[in-house]
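Below is one structure; the comments refer to it alone.
Computation of the quantities below employed the complete heavy-atom set of this structure, encompassing side-chain atoms and omitting hydrogens, waters and symmetry-equivalent molecules. Chain identifiers are assigned alphabetically (A, B, ...) following the order of the sequence lines, protein sequences preceding nucleic acid strands; residue numbering begins at 1 within each chain.
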Number of protein chains: 2
Amino acid sequence: MAGHRLDPIDRKILAELQADGRMTNVELAKRVGISAPPCLRRVRALEEQGFIKGYHADVDARELGFEVQVFVMVGLQSQAESDLRAFEGRCRDWPLVRECHMLNGEVDFILKCAAPDLSTFQSFLTGQLLTAPNVASVKTSLVIRGAKDEPGVPFDVLEERLSRSA
Amino acid sequence: MAGHRLDPIDRKILAELQADGRMTNVELAKRVGISAPPCLRRVRALEEQGFIKGYHADVDARELGFEVQVFVMVGLQSQAESDLRAFEGRCRDWPLVRECHMLNGEVDFILKCAAPDLSTFQSFLTGQLLTAPNVASVKTSLVIRGAKDEPGVPFDVLEERLSRSA
DNA sequence: CCTGAAATGAAAGGCCA
DNA sequence: TGGCCTTTCATTTCAGG
């Protein structure tokens, strides 16, 4: 299992920075129980090794005028690898598409989209997505309201697993 | 339309902090073209007003041993408001459920789940989700691979809209 | 509402244990 | 490795335009 190169202090650092990514290094050091310099060295190492991929402010989309959030299920005609890649590349180029995941089962991709209003989304849908090559089926579901939106990973579950396998 | 209390500098601050939430305030001030003290005041105000909901390190789930990501479509028997709320509350209590959104259309909720392996997810599915009150239908889709996962909101789209309506 | 300066406090590097 | 010391730089407050 992965995550084994990490000791409990590293995991605590990751959990703390996932919860508050703008914490100062001295605050972080205090919370994980070591002094600041080694703490900073650990953070840098975690960034280098790719355990931390970045830091992001969590902005309120609705407050900013992005009232509409939509999940879109996409089926393709051809599932050849090159065609899958081509569709993924298009998704990366569409700013309204925030997430694109390839799925198993009847549908090929799920997209999470954000738009200022319904008509902006509709014109993206009809003008870009539905007319893109190889797109066979599209099913959209508007988000009525969000009930939970946690970033990252549940560290409690991780710690519980590690203590069981120890 | 919302976002109107924000001037171009505020929007630039949000865009920069969304891209790099751990940037120092002086670096941020330099990028948005003002000096550090007013920049910090603006950031604090944006936090107070709820435009910035938090800061999070983006940790690599796979590296940490969360190999499995699953989208789950849930239909309920009763869509009475109290029953919807009850289900949302349960989702908030389940650590493997990272996101829960209420949808329009045939399905009631979409969940995004993370788990260390398939058997952990299966036991959550059969032991928790399928046996929860009021759950009528559950359809799961494993994520084969992720193609795009951008946090937040496309600020280019926002700026383009504002310049058109100006 | 901003700039600029001054004091406090944090980041980052060297070095020893 | 972690801890301590020192320098450098950032944060924060305050005076003033």
Side-chain angles (χ1 to χ4, degrees), chain A residues 1-60 63-65 152 155 158-159 162-163 165-166, chain B residues 1-60 63-65 155 158-159 162-163 166:
Chain A
M1 154 177 192
H4 260 181
R5 285 167 293 165
L6 298 179
D7 67 10
I9 295 181
D10 286 323
R11 295 198 301 272
K12 190 110 200 294
I13 287 174
L14 290 173
E16 293 289 343
L17 286 179
Q18 177 174 282
D20 178 4
R22 223 177 147 75
M23 195 182 314
T24 66
N25 182 58
V26 303
E27 174 66 19
L28 180 62
K30 190 164 47 179
R31 293 196 187 199
V32 304
I34 59 179
S35 67
C39 183
L40 186 61
R41 267 180 283 156
R42 279 167 179 269
V43 172
R44 296 281 182 266
L46 291 167
E47 291 166 356
E48 290 290 318
Q49 295 170 293
F51 287 99
I52 297 174
K53 292 185 290 182
Y55 303 88
H56 306 284
D58 181 9
V59 308
D60 190 313
E63 285 287 322
L64 274 166
F155 277 95
L158 182 61
E159 294 298 335
L162 290 173
S163 65
S165 72
Chain B
M1 151 175 195
H4 260 180
R5 286 167 292 165
L6 298 179
D7 68 9
I9 295 182
D10 286 323
R11 295 197 302 273
K12 191 107 199 296
I13 287 174
L14 290 172
E16 293 288 344
L17 286 179
Q18 178 174 281
D20 178 5
R22 225 176 145 75
M23 195 181 316
T24 66
N25 183 58
V26 302
E27 173 67 19
L28 180 61
K30 189 164 45 177
R31 292 195 189 202
V32 305
I34 59 178
S35 65
C39 183
L40 186 61
R41 265 182 287 138
R42 280 166 180 266
V43 171
R44 296 278 182 268
L46 291 168
E47 291 166 355
E48 290 292 319
Q49 295 171 296
F51 288 100
I52 297 175
K53 293 185 291 182
Y55 303 89
H56 306 285
D58 180 10
V59 307
D60 189 314
E63 286 286 323
L64 275 165
F155 278 95
L158 182 62
E159 294 300 334
L162 290 173
S163 65

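- Position along DNA chain C of the nearest nucleotide to B/Arg41 versus A/Ala36 favours B/Arg41 as the more 5'-ward residue.
- Each of A/Ile34 and B/Val26 was matched to the nucleotide of DNA chain D holding its nearest heavy atom; the match closer to the 5' end belongs to A/Ile34.
- For C/dA12, one of the phosphate oxygens OP1 or OP2 lies less than 4.0 angstrom from a side-chain nitrogen or oxygen of A/Arg44.
- Under the 4.0 Å criterion applied to side-chain N and carboxylate O atoms, B/Arg44 and B/Glu48 are not assigned as salt-bridge partners.
- Between A/Arg5 atom CZ and B/Glu63 atom CD the span is 6.0 Å, to the nearest 0.5 Å.
- Using a 4.0 Å heavy-atom distance criterion, A/Ser35 is classed as a base contact.
- With values rounded to the nearest 0.5 angstrom, B/Glu27 atom CD is found 8.5 Å from B/Asp20 atom CG.
- Contact check, A/Arg42 against D/dT1: no side-chain N or O comes under 4.0 Å of OP1 or OP2.
- With distances taken from any side-chain atom of A/Ile9 to the nucleotides D/dC5, D/dT12, D/dG2, the minimum falls on D/dG2.
- Atom pair A/Glu47:CD and C/dA11:C1' shows a separation of 13 Å (rounding to whole Å applied).
- Protein atom NZ of A/Lys30 is 16 Å distant from nucleotide atom C1' of C/dA11, rounded to whole Å.
- A straight line from CG of B/Asn25 to P of D/dT12 spans 8 Å, rounded to a whole angstrom.
- Between D/dT12, C/dA12, C/dT3, one nucleotide has an atom nearer to the side chain of A/Leu40 than all others, and that is C/dA12.
- Comparing D/dT11, D/dG3, C/dA12 against the side chain of A/Pro38 picks out D/dG3 as the nearest.
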**Report entry** Check against side-chain contact (heavy atoms from CB on, under 4.5 Å), A/Arg11 and A/Leu162
**Finding:** CA-CA 11 Å; A/Arg11 295 198 301 272; A/Leu162 290 173; 3.2 Å; yes
